[in-house]
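Single-structure report; data block below.
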Amino acid sequence: MAAEQGAAAGTTVALTGATGFIGSEVLAALRARGARVRALARRVPEGARPGTVWVPGDLADATALADLCEGAGVLVHLASRVDGRTEECEAVNVRGAAAVMAAATRAGVPRIVHLSTSAVYGEGPHAGIEVDEVRPAPLSEASRTRLLGERHALAAGACVLRPGLVTGTGDRWVVPALAELVRRVPGRWEGGEARISLVDRTDLARLITALALDGRGAPPGVHHASHPEPVRSGDLIAALAALGLLPVPDGPDLPWEECRRLLAAAPGQVSERQFALIARDHWYRSEAVWRLAACPPGPGPLARLPQATAWYRAALGS
């Protein structure tokens, strides 16, 4: 570990998205490894720890991007829009990605890690697929534009990561959506047997950090980046119930069409498309990238849930 930290200490990492759900954990992981981090932000976040150089600006600011990338050994591009209107998503996920990749190319940054999402594959169900084994068919503007953004990253030689659902402290979607869905659709969705790709944000941050800093480098191309072991939807709900975050699972086994009927009969914020990501198979084989990064994947997202219990209690008001 001392040798790894020594090598990392000589590396300047240009980081976007450093204040976000995943980016804040990556920033902490990079700093723990002794990397020198230069982070793009519209303003320095309150309570920011010393040791990070904050570059004021955004992805539309060419001067800021040049300052961010100048002399960097790695670009870690995590900034994205995960919802919003077409123009908002295109501004960040397409034009922003193109701009930061162009800045990194001009600056001669030799290594790039770019975060995308397995949501680019669309509806599913998908059971244990390899990268692009099915043709991407994104259903939302956020996913469509993130797929377009991948093209700019790949053209710059980036390692593009497609994680599935991300859980842990700061999660404002996965577990809050489950809390709504268990009320709207009471029962075991397809018997609770659907397999879904999950990753805890601390493990994803470790993977990103390993790809950014370690000697093997970030292999160019697209890689699935969830925990290698998929999680059954019933097991996820049971684990959350055991922590007192959701009601104890009850009710009959429900086929998908009955799930759809019940969901439509009880309006809420979570759409049928989003429900399907949790209630039907969405499992993407992810073993390869952990092996290539020489990064142990850890015990899995269910084992990490207790670390985020306080966050989820506050988020759910429970």
Side-chain angles (χ1 to χ4, degrees), residues 13 15-33 35 37 39 41 45 47-49 52 74 76-83 113-120 142-143 146 159-179 196-214 218 223-231 233 235-236 239-240 243 245-246 274 277-278 282-284 286-287 289-290 293 295-316:
V13 179
L15 177 64
T16 72
T19 61
F21 169 43
I22 296 168
S24 57
E25 188 71 11
V26 171
L27 175 60
L30 290 168
R31 294 297 304 160
R33 288 283 304 275
V37 181
R49 295 182 180 181
T52 299
V74 188
V76 177
H77 179 46
L78 308 179
S80 67
R81 282 295 300 239
V82 298
D83 57 20
V113 181
H114 172 86
L115 187 66
S116 184
T117 171
S118 64
V120 300
S143 298
R146 291 183 80 177
C159 172
V160 173
L161 301 178
R162 291 177 181 168
L165 301 177
V166 184
T167 52
T169 299
D171 164 31
R172 298 181 184 275
W173 191 84
V174 180
V175 173
L178 282 168
I196 50 180
S197 281
L198 290 178
V199 63
D200 182 85
R201 77 163 188 154
T202 59
D203 292 322
L204 181 58
R206 287 191 304 104
L207 175 64
I208 292 169
T209 299
L211 291 166
L213 298 180
D214 291 343
H223 307 270
H224 294 156
S226 297
H227 191 275
E229 292 296 325
V231 172
S233 62
D235 293 340
L236 174 58
L240 292 166
L243 294 171
L245 298 172
L246 295 182
Q274 293 168 327
L277 292 175
I278 297 173
H282 284 83
W283 166 34
Y284 307 95
S286 301
E287 300 91 341
V289 73
W290 299 91
C295 180
L302 297 189
R304 300 288 195 202
L305 284 174
Q307 302 169 12
T309 300
W311 160 265
Y312 284 129
R313 284 194 193 284
L316 299 174

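Being a predicted model, the structure only gives us computed values, none of them experimental.
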Do [X] side-chain atoms and [Y] backbone N/O form a donor-acceptor pair below 3.5 Å?
X	Y	answer
W290	S226	yes
Y312	G168	yes
S118	P163	yes

Exercise. To the nearest 0.5 Å, tell me how far T167 OG1 sits from L302 CG.
Key: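 Interatomic distance, T167 OG1 to L302 CG, rounded to 0.5 Å: 8.0 Å.
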Quiz prompt | Distance, nearest 0.5 Å, that separates OG1 of T169 from CD of E25 | solution = 8.0 Å
Quiz item: Who pairs with Y284 by ring pair (Phe, Tyr, Trp, His ring centres under 6.0 Å), at least two apart in sequence or on another chain?
Solution: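 Y121, H126, H224.
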Quiz item: Who passes ring pair (Phe, Tyr, Trp, His ring centres under 6.0 Å) against H223, sequence neighbours left out?
Solution: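 Testing H223 for ring pair (Phe, Tyr, Trp, His ring centres under 6.0 Å), a comparison that skips the adjacent residues, returns none.
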Partners meeting side-chain contact (heavy atoms from CB on, under 4.5 Å) with [X] (sequence neighbours left out):
X	value
R313	L245, T309, S318
A210	D214, A293, C295
S233	A194
A142	C89, S140

Closest approach of [X] to [Y] (non-hydrogen atoms, all atoms of both residues):
X	Y	value
L213	R33	CD1-CB, 3.7 Å
L30	A212	CD2-CB, 4.5 Å
I22	L204	CD1-CD2, 3.8 Å
V37	R31	CG2-CD, 3.8 Å
L161	A225	CB-CB, 3.9 Å
L165	W173	CD2-CZ3, 3.8 Å

Practice problem: Go through the structure and list residues passing salt bridge (Lys or Arg N to Asp or Glu O under 4.0 Å) with E287, not counting sequence neighbours. | Solution: R285
Once side-chain hydrogen bond (donor to acceptor under 3.5 Å, both in side chains) is applied, do any residues pair with [X], and if so which ones, sequence neighbours excluded?
X	result
D200	T202
S24	R201
R146	none
H77	T16

Exercise. Output, in order, the C-alpha distance, side-chain angles, deciding distance and verdict of side-chain contact (heavy atoms from CB on, under 4.5 Å) for L15 and L78.
Key: CA-CA 7 Å; L15 177 64; L78 308 179; 3.8 Å; yes
Exercise. Measure the shortest side-chain to side-chain distance between P297 and V199 over non-hydrogen atoms and say whether it is less than 4.5 angstrom.
Key: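 Answer no - side chains too far apart.
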Quiz item: Side-chain contact, heavy-atom cut-off 4.5 Å: L305 with L236?
Solution: yes
Quiz item: Can you list every pair that meets salt bridge (Lys or Arg N to Asp or Glu O under 4.0 Å) and has a residue in residues 295-312, with sequence neighbours left out?
Solution: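 Matches after skipping sequence neighbours: D203-R304.
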